[in-house]
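Some notes on the structure that comes next.
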Amino acid sequence: MEFKRHLVTAALPYANGPVHIGHLAGCYLPADIYVRYQRAQKRDVKFICGSDEHGVPITIRAMREGVTPQDVVDKYNTIIKDSFDGMGISFDIYSRTSNPTHKETSQAFFKKLYDDGAFEERESEQYYDAEKDVFLADRYIVGTCPVCANPNAYGDQCEKCGSTLSPEQLINPRSALSNSPLVKKPTTHWYFPLNKYEDFLKEWIVVGKKDEWKSNVYGQCKSWLDSGLQPRAMTRDSSWGVPVPLPGANGKVLYVWFDAPIGYISATKELTNQWADYWCQENTKLVHFIGKDNIVFHCIIFPAMLKAHGGFVLPENVPANEFLNIEGEKVSTSRNWAVWVDEYLKDFPDQQDALRYVLCANAPESKDNDFTWKDFQDRVNNELSAVLGNFENRAFVLMHKLCKGRVPALHADAMNEMDNALIADIKDAKTKVENAIEGYKFREGLAEVIDLARKGNKYLQDNAPWTLAKTPELQEQNQKRIDICMHLCLQLTANLAILLNPFLPYTATKMCKKMKVVPRMLDWENAGRIDLLKVNYPLLAPELLFRKIEDEEVTAQVEKLRENLKKATQQIVENKPTTVSEAETPLAVAKETITFDDFAKIDLRVGTILKAEKVEKADKLLKLEVDMGTEVRTIVSGIALHFAPEEIIGKQVSVVANLAPRKMRGIESNGMILMAQNADGKLIFVSPLQTADNGSEVK
RNA sequence: GGCGAGGUAGCUCAGUUGGUUAGAGCACAGGAUUCAUAACCCUGAGGUCGGGAGUUCAAAUCUCCUCCUCGCUACCA
């Protein structure tokens, strides 16, 4: 299909923290390159983004910092927006989901689905904080992690050990708001029956996008579809978010993953009255740039929502990137292991393109990649500066030395094979870069541009105009060759500016200024031409496009990372909220004081492990037979990652004997083995130092 | 445990429907050169394509098994 319009979105960043370079490499930079290219092609394109400002983590941060959720999102919206501006991410609009337009749009969307009977209304028991009179989202529930004993795990996840949890699994669950114990109360929510859209999604993705979408995206979607979709609640009990537009739905808001993607639509509405052309006309090419963590929402849920609503185009492609690690380790906001964009811009003023270059050249397009400062330095110094910057500089310097600072003529009568080969290379480069960008292979596209500069260097070397200039007796005929050589080098430079423009716009603009040409020269149709600079046209003096990155800068940045990590870790230990992290869990915080009677309720006994075996289909579980003196009990313990079954047989251990039984993997567990856990996560049995009788009481 | 994506030179990655001595850039070594940001240009060394088995005249590429990394998911006192 011939597309008349292009609608490009980049994932809405979540407004509870700044953006780091992993975000840039993941979707914003590729999206920007793609959009800048489309603009240079003079295609009708809109580039949409904005802050995602709803959801529970924001309210938690607000609570912790003693400010309102609006304060939180205002703060980070500004930081994020400035970071994007600073890096030249050229959104047509950067909106936010707390805007009135978004409220209207997402409510209308919900209402339409509701009126069409697209939702299923369901009542369920939800945790409720009686003191504060609110239902609690999983995130609002804290308790001790059953896996790592972190006392401040959330109801959906333990941030210390990374386990996925449900509130039921927490030990001593309580409300994060009031610290009071939880009660369960019925509440009504609207569920979107994703299962009803399975056939449509399978046809559309599994059949239709097989060879079109990236393998990581396609595979992920197929996996979801094969395992079957479930209805998903599209509303939540909360005061922060878009209110559910139904009578009697007080205290209910749209689920953040329902409203966030609609944010793309609302932002487009804010941008232009013609928004419907972009969202509803068949011949629009919609492309979502995201990170791999967003695949299911953009490929499954949102398309199903759009389909249910009707009248919207579906994404043509969803080129999701993988993750970018830093210095060999995963990015962690809570440990402050990240390179923040706002800080980069301060530490490396005017070096946007250096970072854009490295992040694109090393983008995690097909698998997780690693960003190291050493690699940053190497790539900037040895590729960007040495090959591209140096060629451009050579062309300018030589032109001033040998051609009086003016574009020399292209003498047709003296042209040779080398010249024609270079001209062919220039034309080829256009096609190559074009194909790469259209195929979302930005790394390859950028490499093609550098490669063209490399060919320029070789061409210069082979022609060596500086040598030709050294033989005055042959001046006349030599000057012709010099002219041709420099003419082509300068035309090549102009071509480089065009090809480079989507990737490194700051550099392309600088080059235009030095060549004294208008920005219109950067139009894509001009690529491949060798008449971009007029003969006899005077150009400005040489000036370096890139500077080298010094060793000290690299060391300083690595040092900074380690310092940040150290500080963040200390803060976690001291249980002080850090400024950059979202949810901190101290390693070991003293629990509240209990009375002797409380303690006396626990029946602690000594027992000996008689048998131990792995539980089928569970990584962490061991099934133990423990001799308690009067009886042998079955206890299931989550220690399989730490101990082999055979090595613990015969060990004497302390057991909580009166813990309510619980079934795990179909096996009833009658008690709990006490373990000590080091800061590094290693488990140690809490055992009597000398052998005690089985069944003896521990007090 | 299930599913998905990866595992190719020291590093970052290409390798189309199985077909000649497996490619590129960076780093490294040697050479040449001086117009240029000690840059560029030439040459070279460097890989049993994660491991094993199989299909085939022929496997990095197809099949099966296995190990490692990342992600999703289940289980998780």
Side-chain angles (χ1 to χ4, degrees), chain A residues 144-149 158 161 163-166 169-171 214-224 226-227 291-293 295-296 320 322-323 325 330 358 361-370 372 374-375 378-379 381-387 389-402 441 443-444 447 450-451 453-454 456-470 482 485-486 489 542 544-548 614-622 635-641 655-656 659-662 664-666 669-675:
Chain A
T144 301
C145 172
V147 179
C148 72
C158 172
C161 68
S163 308
T164 312
L165 304 171
S166 73
Q169 297 172 304
L170 292 174
I171 306 163
K214 289 169 66 169
S215 58
N216 57 340
V217 179
Y218 181 84
Q220 188 69 221
C221 292
K222 192 164 179 303
S223 167
W224 272 78
D226 286 348
S227 59
K292 68 170 160 182
D293 49 335
I295 289 174
V296 63
E322 302 279 305
F323 289 150
N325 294 333
K330 274 193 275 186
V358 175
N362 189 27
E365 284 178 5
S366 54
K367 63 173 186 191
D368 289 359
N369 265 356
D370 198 26
T372 67
K374 178 76 177 74
D375 183 60
D378 283 348
R379 285 185 186 273
N381 292 357
N382 303 330
E383 295 171 19
L384 189 58
S385 305
V387 178
N390 187 40
F391 171 74
E392 191 263 8
N393 191 237
R394 295 172 88 180
F396 264 74
V397 169
L398 285 169
M399 183 265 305
H400 275 88
K401 285 191 179 167
L402 308 178
K441 292 176 183 168
R443 210 167 45 193
E444 186 184 312
I450 297 294
D451 200 49
R454 186 171 282 118
N457 273 319
K458 179 162 168 50
Y459 174 79
L460 260 186
Q461 203 68 30
D462 292 346
N463 282 281
W466 52 88
T467 309
L468 294 177
K470 277 180 189 156
I482 293 174
C485 176
M486 293 322 300
C489 281
L544 296 183
L545 285 177
F546 308 105
R547 73 166 179 82
K548 299 241 166 178
K614 283 259 322 172
V615 175
E616 290 266 327
K617 295 190 174 183
D619 294 341
K620 297 173 185 168
L621 295 186
L622 289 185
I635 296 177
V636 178
S637 186
I639 56 175
L641 293 180
V655 177
V656 181
L659 197 67
R662 175 159 166 166
M664 277 174 286
R665 274 276 153 202
S669 179
N670 297 284
M672 172 174 150
I673 311 286
L674 293 186
M675 307 293 296

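In what follows, chains carry the letters A, B, and so on, assigned in the order in which the sequence lines appear, proteins first and then strands, with residues in each chain numbered from 1.
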Sugar-phosphate atoms are those with a prime plus P, OP1 and OP2; base atoms are the rest. Using that split, label each nucleotide of nucleotides 59-70 of chain B B, S or - for protein heavy atoms under 4.0 Å, 5' to 3'.
-> -----------S
Rounding to the closest angstrom, what is the interatomic distance between B:rC26 and B:rA39 at atom C1'?
-> 15 Å
Can you measure from OG1 (A:Thr372) to CG (A:Asp378) and round to the nearest 0.5 angstrom?
-> 7.5 Å
Applying a 3.5 Å limit to both distances, which nucleotide forms a Watson-Crick or G-U wobble pair with B:rA45?
-> none
B/S/- contact track for nucleotides 24-29 of chain B, protein heavy atom under 4.0 Å | -SSS--
For the pair A:Ser223 (side chain) and A:Gly219 (backbone), establish whether a donor and an acceptor sit closer than 3.5 Å, ignoring hydrogens and angles.
-> no
Can you tell me the Watson-Crick or wobble partner of B:rC35, both distances under 3.5 angstrom?
-> none
Interatomic spacing from CG in A:Asp293 to CD in A:Gln220 - rounded to 0.5 Å | 10.5 Å
What's the NZ-C1' distance between A:Lys441 and B:rG15, to the nearest Å?
-> 11 Å
Can you tell me the distance, in whole Å, between the CD atom of A:Gln220 and the C1' atom of B:rG2?
-> 13 Å
Just wondering, more than 12 heavy atoms not from A:Lys548 lying within 6.0 Å of its NZ?
-> yes
Euclidean distance for C1', B:rU61 against B:rG23 (whole angstrom) = 15 Å
Separation of B:rG71 atom C1' from A:Lys222 atom NZ, nearest Å, is 17 Å
Is there a Watson-Crick or G-U wobble partner for B:rC62 with both distances under 3.5 Å, and which nucleotide is it?
-> B:rG54
Whole-Å C1' distance, B:rG47 and B:rC42 = 24 Å
Paired with B:rU16 by Watson-Crick or G-U wobble geometry, both distances under 3.5 Å: which nucleotide is it?
-> none
Starting at atom NZ of A:Lys367, determine the distance to atom C1' of B:rG50, rounded to an integer number of angstrom.
-> 12 Å
Report the residue (A:Ala453 or A:Cys221) whose heavy-atom-nearest nucleotide on RNA chain B is the more 5′ of the two.
-> A:Cys221
Spacing of the C1' atoms in B:rG4 and B:rC40 (rounded, Å) | 45 Å
Any side-chain N or O of A:Ser366 under 4.0 Å from OP1/OP2 of B:rA14?
-> yes
Output for pair (A:Asp462 CG, A:Cys485 SG), nearest 0.5 Å, gives 9.5 Å
Is any side-chain heavy atom of A:Lys401 closer than 4.5 Å to a side-chain heavy atom of A:Met486?
-> no
Lys/Arg-Asp/Glu bridge criterion (N-O < 4.0 Å) met for A:Asp368, A:Lys292 = yes
Starting at CG of A:Asn216 and ending at C1' of B:rG7, how long is that distance when rounded to a whole Å?
-> 15 Å
P gap between B:rA22 and B:rA9, integer Å = 14 Å
Quick test: give all pairs of protein nitrogen or oxygen and nucleotides 35-37 of chain B nitrogen or oxygen below 3.5 Å, distance rounded to 0.1 Å.
from, atom 1, to, atom 2, distance (Å)
B:rC35, O3', A:Lys401, NZ, 2.9
B:rC35, O2, A:Arg394, NE, 3.2
B:rC35, N3, A:Arg394, NE, 3.3
B:rC35, N3, A:Arg394, NH2, 2.5
B:rC35, N4, A:Arg394, NH2, 3.1
B:rA36, OP1, A:Lys401, NZ, 2.9
B:rA36, O3', A:Asn393, OD1, 3.2
B:rA36, O2', A:Asn390, OD1, 2.7
B:rA36, O2', A:Asn393, OD1, 3.3
B:rA36, N3, A:Asn390, ND2, 3.4
B:rA36, N3, A:Arg394, NE, 3.1
B:rU37, N3, A:Phe546, O, 3.0
B:rU37, O4, A:Phe546, N, 3.4
B:rU37, O4, A:Phe546, O, 3.3

Rounded to whole angstrom units, what separation is found between the CG atom of A:Asp226 and the P atom of B:rG2?
-> 16 Å
In whole angstrom, give me the gap between the C1' atoms of B:rG6 and B:rA60.
-> 14 Å
Paired to B:rG4 by Watson-Crick or G-U wobble criteria (both distances under 3.5 Å) is B:rC70
Both distances under 3.5 Å, Watson-Crick or G-U wobble: report the partner of B:rA9, or none.
-> none
Can you tell me how far the CG atom of A:Leu384 sits from the CD1 atom of A:Ile450, to the nearest 0.5 Å?
-> 6.0 Å
Measure from the side-chain N and O atoms of A:Lys214 to the backbone N and O of A:Glu365, and report whether any donor-acceptor pair falls under 3.5 Å.
-> yes
A:Leu544 side chain near A:Asn393 side chain, heavy-atom distance below 4.5 Å | yes
Taking atom C1' of B:rA32 as reference, at what distance in whole Å does atom CG of A:Asp462 sit?
-> 13 Å
Roughly how many Å is it from CD1 in A:Ile295 to P in B:rC3, rounded to a whole number?
-> 18 Å
Any sub-3.5 Å donor-acceptor pair from A:Asn362's side-chain atoms to A:Val358's backbone N or O?
-> no
Could you state the interatomic distance from CG (A:Asn216) to OG (A:Ser366), rounded to the nearest 0.5 Å?
-> 8.0 Å
Enter the distance from A:Leu398:CG to A:Trp466:CH2 here, rounded to the nearest 0.5 Å.
-> 6.5 Å
Verify the contact: side-chain N or O of A:Thr467 to OP1 or OP2 of B:rU33, cut-off strictly under 4.0 Å; return yes or no.
-> no
Same-atom distance (C1') from B:rU48 to B:rG44, integer angstrom = 22 Å
Using the C1' atom on both, measure B:rA74 against B:rC28 and round to a whole Å.
-> 48 Å
Are the side chains of A:Asn390 and A:Ser385 in touch, meaning some heavy atoms are under 4.5 Å apart?
-> no
